[in-house]
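These notes concern the structure reproduced below.
Proteins come first, then strands; the chains are lettered A, B, ... in the order of their sequence lines, and each starts at number 1.
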Amino acid sequence: MKATSEEVQTSVKKLFEDGSIGHFIGYETGSDSLHVTPCFLKSGQAASRLVWNPLCANNLSKYLLDFKNVEGKVGIMVKGCDSRSVVELLKENQIDRDKVFIVGVPCSGIVDREKLLEVLGISPAEVVAVEDDGDAFLVTLKGGTQRVDKEKVLRGECLVCKYPTPLVYDVLLGEAVSSLPWVGDDYSLIKEQEALSSEEKALHWNRELSQCIRCYACRNICPVCTCPECIFDKKAPRWITKANDVSENLVYHLVRAFHVAGRCIDCGECERACPMNIPLRSLNKKVEKDLLELFDYTAGIDVEQQPPLTTYQVGDLDEFL
Amino acid sequence: MAAPRIGVFICHCGTNIGGIVDVPQVVEYAKSLPYVAYAEANMYTCSEEGISSIKNNIKEHNLNRVVVASCTPRTHQPLFRNACADAGLNPYLFEFVNIREHCSWIHMQNRREATEKAKELVKMGIAKARWLDAQEEFESEVYPAAMVIGGGVAGMSAALNLANQGFEVHLVEKEPKLGGRLLKLNRIFPINKDPSELVESIVKTVEGHSKIRLHMPAVVKAASGYIGNFDISVDEGGKEVSFKAGVIIVATGAQVLKPELYRYGELANVLTQLDLEQRLKDGELGEFQNVVMINCVGARIPERLYCSRLCCMTAIKNAALMKEINPEAKVYVLHRDLMTYGVEFEEYYREVKEAGVRFIRYTPSNLPQVIGAERVESVRVYDELMDMELELPCDLLVLATPLIPNDDNEELSRMLKVPIGDGGFFLEAHVKLRPVEFAMDGIYVGGSCRWPADIRESVAQGYAAASRAAIPLRQGLVKVEAITATVDPKICKGCGTCALVCPFDAIELKESEIRGLEGKIVSEVNTALCKGCGLCAAACPNGAIQQRGFTDIQLLSMVNALSGKR
Amino acid sequence: MQDSKEVQTEFKPKILAFCCNWCAYAGADLAGVSRFQMPTDVRVIRVMCSGRVPPELIIRALANGLDGVMILGCHPGECHYSEGNYLTRRRAHVLKRLLSYIGIEPERFQLRWVSAAEGAKFSAVVKETTDKITALGPNRWVDKR
Amino acid sequence: MVRQTKSRIIEKNRLTELLDKLAQDYYLIAPVRDNNVSFRRVGSGSEVTLDYINPVLSPKNAFFPQTETLFRFSRDDSRGSGTEPGAEADREQVIFGIRPCDARSLRLMDMVFNGQYKDSYYLNRREKTTLIGLACFDPAETCFCPTFGIDPASGEDVDILFSDIGDRYLVEASTEKGAALLDRFAKFFAELRGDEEQLREARKAGLAGMKKLDVKAIADKMAPLYEGDYWESIGMKCLGCGICTYLCPTCHCFDIADVSLDEGGERFRCWDSCMFPEFTLMASGENPRPNRKARIQQRFFHKFKYFHDRNGELACVGCGRCLRYCPVNIDITQIIEDVTSGKAGNE
């Protein structure tokens with residue numbers, strides 16, 4: 001069974017009471033019934049604000065960096081994907097495992113809001129609640145209830161998610177989910193892209209990247225983008241100018257894809273944050289696929305695993321001669 | 001910091017550059033570039049005249065950066081850096097542009113394009129120079145002791161050489177006896193003498209030397225540190241012994257290949273040359289009438305491409321010896337090519353031929369065949385010169401096999417962080433210019449662990465390695481070129497990526513002690529260990545670690561300059 | 001993207017080569033000493049190790065409109081710093097695929113091994129790369145500002 | 001000035017044709033569906049989409065482009081050094097489909113660019129632009145423009161207003177510029193049939209439930225919050241990205257930089273965001289707004305206090321973009337309520 005909001009509230013309250021945590025990072029209802037927003041608690045009293053439902057898209061793990069210097073442990077709610085970025089943060093010494101209390105919640109998929117509204121042909125104001133119901137979402141509307149097949153309205157990353165249950169946690173709420181029935185070939189979309197001609201690819205990405213407004217939401221939301229000063233914010237060397245043209249955008253996005261190579265865990269936050277709907281996951285997935293094929297590497301699984309680009313095998317593929 | 005004032009010196013190199021590249025045009029172009037305060041052409045910038053022009057113009061034009069466009073930094077950088085230093089300019093404010101090897105010499109047919117390329121290369125050099133910083137070289141003390149690994153003739157020669165110069169030497173030998181491979185030989189060419197006389201006298205001197213501390217039987221278990229300051233731990237007969245050394249000489253030798261060819265190991269009368277020597281030495285050879293020797297067994301084949309060099313002479317030596325023992329015996333040497341380099345060796349070869357040893361050339365496409373059931377009875381060989389197949393009666397078949405790397409080379413290579421090259425032998429820093437040094441400062445190499453070497457070469461290399469090793473020991477201080485890595489602790493996030501990629505364990509994560517950052521975990525570079533490869537700088541996601549002299553901004557400025565950006 | 005009709009009749013590519021100090025740069029020096037004649041389109045930047053070249057620089061160079069970028073380093077196993085080129089190799093495999101994914105032809109980014117003794121190979125690599133990139137035409141991925 | 005309204009109608013099936021014509025004669029900017037709907041230059045009417053509530057990017061790009069060349073220079077002495085204004089400065093442009101909220105934002109931007117300092121780049125474009133608005137009858141759940149006295153169905157800040165009244169658009173020109181354009185393209189327009197006003201009123205029913213907050217005293221209520229902890233909780237959530245400022249039709253901060261090439265170069269200006277740490281980073285390394293809290297506080301102080309102190313208006317038009325697109329759902333309407341209700345001061 002999936003954990004309910006009430007279960008989350010009860011256990012967080014208990015964690016505060018028994019002194020296990022001094023802070024908690026979770027979700028609460030946002031500006032409307034289709035939004036949640038990050039919620040920061042300092043005591044168990046407000047735990048009743050917490051929610052856990054299929055709208056909880058945000059990967060909260062990056063907020064842990066803001067709690068480095070607080071007293072006591074910080075509790076945090078993580079889904080399967082979020083737990084993998086926690087692994088990456090641990091791997092890079094960005095957080096201290098002993099100062100974090102991880103409340104894991106197995107996740108059977110998050111709703112893509114835009115897809116849901118389109119499938120139902122409704123405006124957000126009509127939605128009262130969205131609940132998980134096996135292979136469908138149960139959407140409570142002002143005028144009744146509708147079941148919507150998950151495959152039609154899941155977020156892109158959830159359609160290919162192989163780790164629905166957190167890999168690292170101190171307590172797991174709800175039953176572990178071993179696999180999701182709809183997940184097939186993770187990389188079918190990437191393979192389609194790879195098959196295009198150079199010219200087609202260039203046209204496609206030129207069109208996509210020319211839409212970028214360089215708001216840096218993709219970087220700022222990324223749980224593994226943890227540099228205190230990003231190279232793109234430096235005045236010297238200036239890797240990109242502030243001029244918003246496609247050459248600068250190209251450098252930004254390719255370098256970003258490379259910087260998160262072997263660290264990106266496909267939580268999909270970059271793409272979700274992008275106001276211009278640029279398919280950013282595509283770049284990261286491409287790198288992820290290559291790292292798997294070339295070096296048999298998957299990020300966010302094991303804290304002890306050495307990042308693939310910091311090591312080598314003498315017998316690695318050599319195409320270069 | 002003062003605004004950059006760059007002086008540019010463009011060399012004609014006689015006609016080497018000036019005959020192809022329009023040097024005055026490049027000078028004029030350089031003058032038009034940002035921050036260039038002065039530019040001139042020189043007939044030879046490296047001449048006394050050129051050097052004094054650099055020095056004078058630094059003063060006259062108040063230059064704070066110097067760019068020389070001439071030949072290659074690999075040979076001339078020190079000269080121009082010194083010129084800057086002489087004129088009071090930090091030598092690291094110098095940048096080299098190569099317009100000879102990389103331009104005029106390779107574009108002799110196209111003067112216009114060569115000139116355009118030279119302009120662009122100069123532009124890139126100037127772009128980098130604008131961002132050069134003054135650097136101080138790191139100095140560290142050298143602990144006045146050496147470790148020599150390997151008690152063969154090369155290692156002993158090195159150890160004695162250093163000990164005689166007054167330095168303390170730790171000699172580590174894994175066998176219970178000094179002497180190495182020499183102990184197994186019967187006679188040594190070309191003097192045809194028993195090696196034991198030679199070995200014993202050296203061993204005695206080594207064992208009796210007050211400056212040599214012998215570790216035997218012992219193997220090196222751990223080595224850390226850097227030039228001047230290695231911490232070593234050896235397992236000496238089950239007991240761990242630790243000591244410090246300023247330098248290390250690797251002279252671990254090699255082993256002889258035991259082939260899986262010509263039914264070696266199966267038929268009793270098939271021996272390797274080394275087996276033969278052992279039997280001769282022990283007086284256990286017995287009667288023989290027809291001796292066939294085959295050279296290049298297991299060498300110069302696809303799996304092992306190299307020539308072991310020594311085996312030809314070994315075969316000639318032993319062939320002669322067989323003739324000496326039994327002048328009636330028929331002795332054939334089947335070879336592919338014969339390596340008898342040097343004056344004595346070719347003469348020795350001629351004498352052996354005159355003594356009646358027959359040399360027959362075979363080809364790898366048509367290998368000799370061993371005939372016989374219990375023992376070798378004959379060897380069938382296609383004689384290339386006579387264009388016919390011969391069947392040689394044979395009661396003793398001797399195989400000349402190559403020296404192959406020791407099995408523990410890889411372990412030692414990892415421990416000392418020195419490279420192994422093709423075929424598993426150790427690899428020196430430069431095949432021609434630095435033959436007995438490793439790229440890793442303070443570690444030297446000699447003898448057959450580098451490449452199959454005979455006794456004379458092993459001794460010479462042992463001496464050579466010792467003489468190179470004596471330089472830092474004698475100076476007592478070492479300087480490291482200031483191209484090492486530095487960390488900006490303000491923006492370092494302590495992820496440890498740099499430490500993971502560093503091949504020299506030169507980077508550690510530590511709590512910062514800098515004011516305002518106390519307690520923050522950041523990377524720290526041990527400059528003495530850093531070799532200036534820059535791997536860390538390339539791996540760091542936000543440029544918090546930089547390689548001096550090859551910083552992001554310097555390299556980016558060059559790329560941008562080439563792209564027409566300023 | 002620019003209109004392909006603008007291709008000049010005689011296209012001279014601009015190619016950048018990062019050479020490691022110990023092998024490739026020395027190999028380039030040897031090519032010079034040997035007077036091997038080659039196309040004039042390649043410009044060398046010296047780095048101590050091929051492993052010093054970060055992907056940022058390659059990407060920046062290509063986004064700047066350079067027509068090709070090479071990294072030339074020691075053969076595997078021969079790195080002066082024992083393992084730098086192995087790391088370069090891993091990065092290059094990933095970068096090459098990523099560049100190709102967004103439509104930058106794989107020929108525009110090359111990693112090649114050139115030893116200090118391989119002046120002839122350096123010259124061959126320069127020729128080969130220049131030919132390939134000339135055949136591809138200008139790097140039109142981005143319209144230079 | 002009394003506004004003269006000139007009213008016509010256009011049949012829906014003639015709209016594409018009109019846009020085609022506009023695109024021929026003007027630099028036409030209209031909503032286009034790419035990954036998202038945004039205002040772009042279009043070459044023909046068929047490129048235009050009408051299926052939007054409000055494009056993700058406001059049309060501020062048309063007056064204050066994200067990246068704008070201020071001048072170019074050459075290093076060739078014979079060509080002189082000096083400026084060389086871009087050709088784009090002289091184009092006559094038409095923006096079709098601008099919503100009343102965005103149109104109002106231009107009035108606010110005018111206060112900045114046409115205040116003490118006259119920004120010729122912006123003003124030149126303003127002058128050469130004809131705004132064709134599209135009345136809003138189906139606002140989004142995030143819309144709250146009535147808060148700022150904006151009537152989403154009105155043409156107050158545009159030259160011409162199109163109102164979708166079923167089979168046709170009611171077309172009203174309220175400025176001379178608008179009237180001139182109607183005259184120029186008169187063949188596309190027809191006389192009113194008489195039921196238009198009735199149809200429009202019917203459509204306005206959709207606006208009934210729109211959020212309207214009381215912001216009368218907000219500027220005064222902001223002042224004491226400067227030292228408070230309220231912004232801490234918002235800053236904690238904030239990612240520090242530039243979505244809210246870049247999408248905001250009233251945000252107008254910019255940076256200026258040079259591109260320097262061998263042959264010459266240019267000076268350009270581009271949007272900047274108070275959400276970015278470098279926005280206030282000084283050469284010394286000092287940053288007066290060192291954290292996300294300080295930065296987001298500044299954003300709201302600017303909107304609801306400083307801009308008001310200077311210009312007598314609040315720097316928000318209630319378009320709801322910042323709320324709609326914020327990845328962590330920071331809700332400007334909630335903040336307004338917290339401030340005005342006094343809740344913010346109690347935290």
Side-chain angles (χ1 to χ4, degrees), chain A residues 62 64-66 68-69 85 87-96 99 219 222-241 243 245 247-248 250-252 254-264 297 299 303-312 314, chain B residues 1 127-128 130-131 133 410 413-414 419-422 424 488-503 507-511 517-523 535-546 550-561 563-566:
Chain A
K62 194 174 185 176
L64 288 172
L65 302 186
D66 298 329
K68 271 185 173 176
N69 300 317
S85 57
V87 169
E88 287 300 316
L89 291 173
L90 288 168
K91 208 186 261 186
E92 298 196 336
N93 315 310
Q94 299 303 296
I95 51 173
D96 183 348
K99 290 200 71 181
R219 173 191 73 184
C222 176
V224 298
C225 266
T226 52
C227 292
E229 186 192 33
C230 175
I231 63 161
F232 296 118
D233 293 342
K234 273 189 210 291
K235 300 232 182 318
R238 190 178 275 299
W239 288 99
I240 49 175
T241 68
D245 59 31
S247 67
E248 308 303 284
L250 173 73
V251 175
Y252 169 66
L254 285 194
V255 170
R256 209 187 92 72
F258 210 95
H259 277 187
V260 299
R263 306 160 69 233
C264 169
Y297 187 88
V303 177
E304 298 306 319
Q305 205 179 0
Q306 191 165 345
L309 298 181
T310 65
T311 183
Y312 66 91
V314 171
Chain B
M1 198 178 68
K128 179 177 177 184
R130 180 244 176 284
W131 293 104
D133 293 312
E410 267 189 51
S413 144
R414 266 197 301 276
I420 287 181
D422 276 350
D488 178 352
K490 280 203 295 299
I491 59 170
C492 172
K493 62 172 166 173
C495 68
T497 305
C498 50
L500 287 176
V501 301
C502 178
I507 303 173
E508 263 185 282
L509 289 178
K510 282 191 175 162
E511 281 193 15
L517 301 173
E518 294 94 344
K520 185 184 177 193
I521 304 287
V522 293
S523 289
L535 296 185
C536 52
C540 178
N542 73 336
I545 193 163
Q546 291 288 336
F550 296 90
T551 60
D552 282 348
I553 200 164
Q554 290 164 357
L555 297 177
L556 178 62
S557 299
M558 292 179 92
V559 170
N560 282 342
S563 317
K565 288 185 171 181
R566 287 191 175 174

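When side chains are defined from C-beta on, B/Lys493 counts as touching A/Glu92, because their heavy atoms get closer than 4.5 Å. Residues B/Ile521 and B/Lys510 have side chains not in contact (no heavy-atom distance under 4.5 Å, counting atoms from C-beta outward).
Evaluation of the side chain to side chain donor-acceptor pair (under 3.5 Å) rule for B/Asn542 yields no partner, not counting sequence neighbours. Here A/Ser85 pairs with A/Asn59, A/Ser61 under the side chain to side chain donor-acceptor pair (under 3.5 Å) rule; sequence neighbours left out.
Only the side chain of B/Leu509 comes within contact range of chain A, with heavy atoms under 4.5 Å apart. Neither the backbone nor the side chain of A/Arg256 comes within less than 4.5 Å of any heavy atom of chain B. With a 4.5 angstrom heavy-atom cutoff, B/Leu500 touches chain A via backbone and side-chain atoms both. Interface remark: A/Gln94 contributes side-chain atoms only to the contact with chain B (heavy atom separation under 4.5 Å). Looking at A/Lys68, neither its backbone nor its side chain comes within 4.5 Å of chain B, counting heavy atoms on both sides.
For A/Glu248 and A/Thr241, the side-chain atoms include at least one donor-acceptor pair closer than 3.5 Å.
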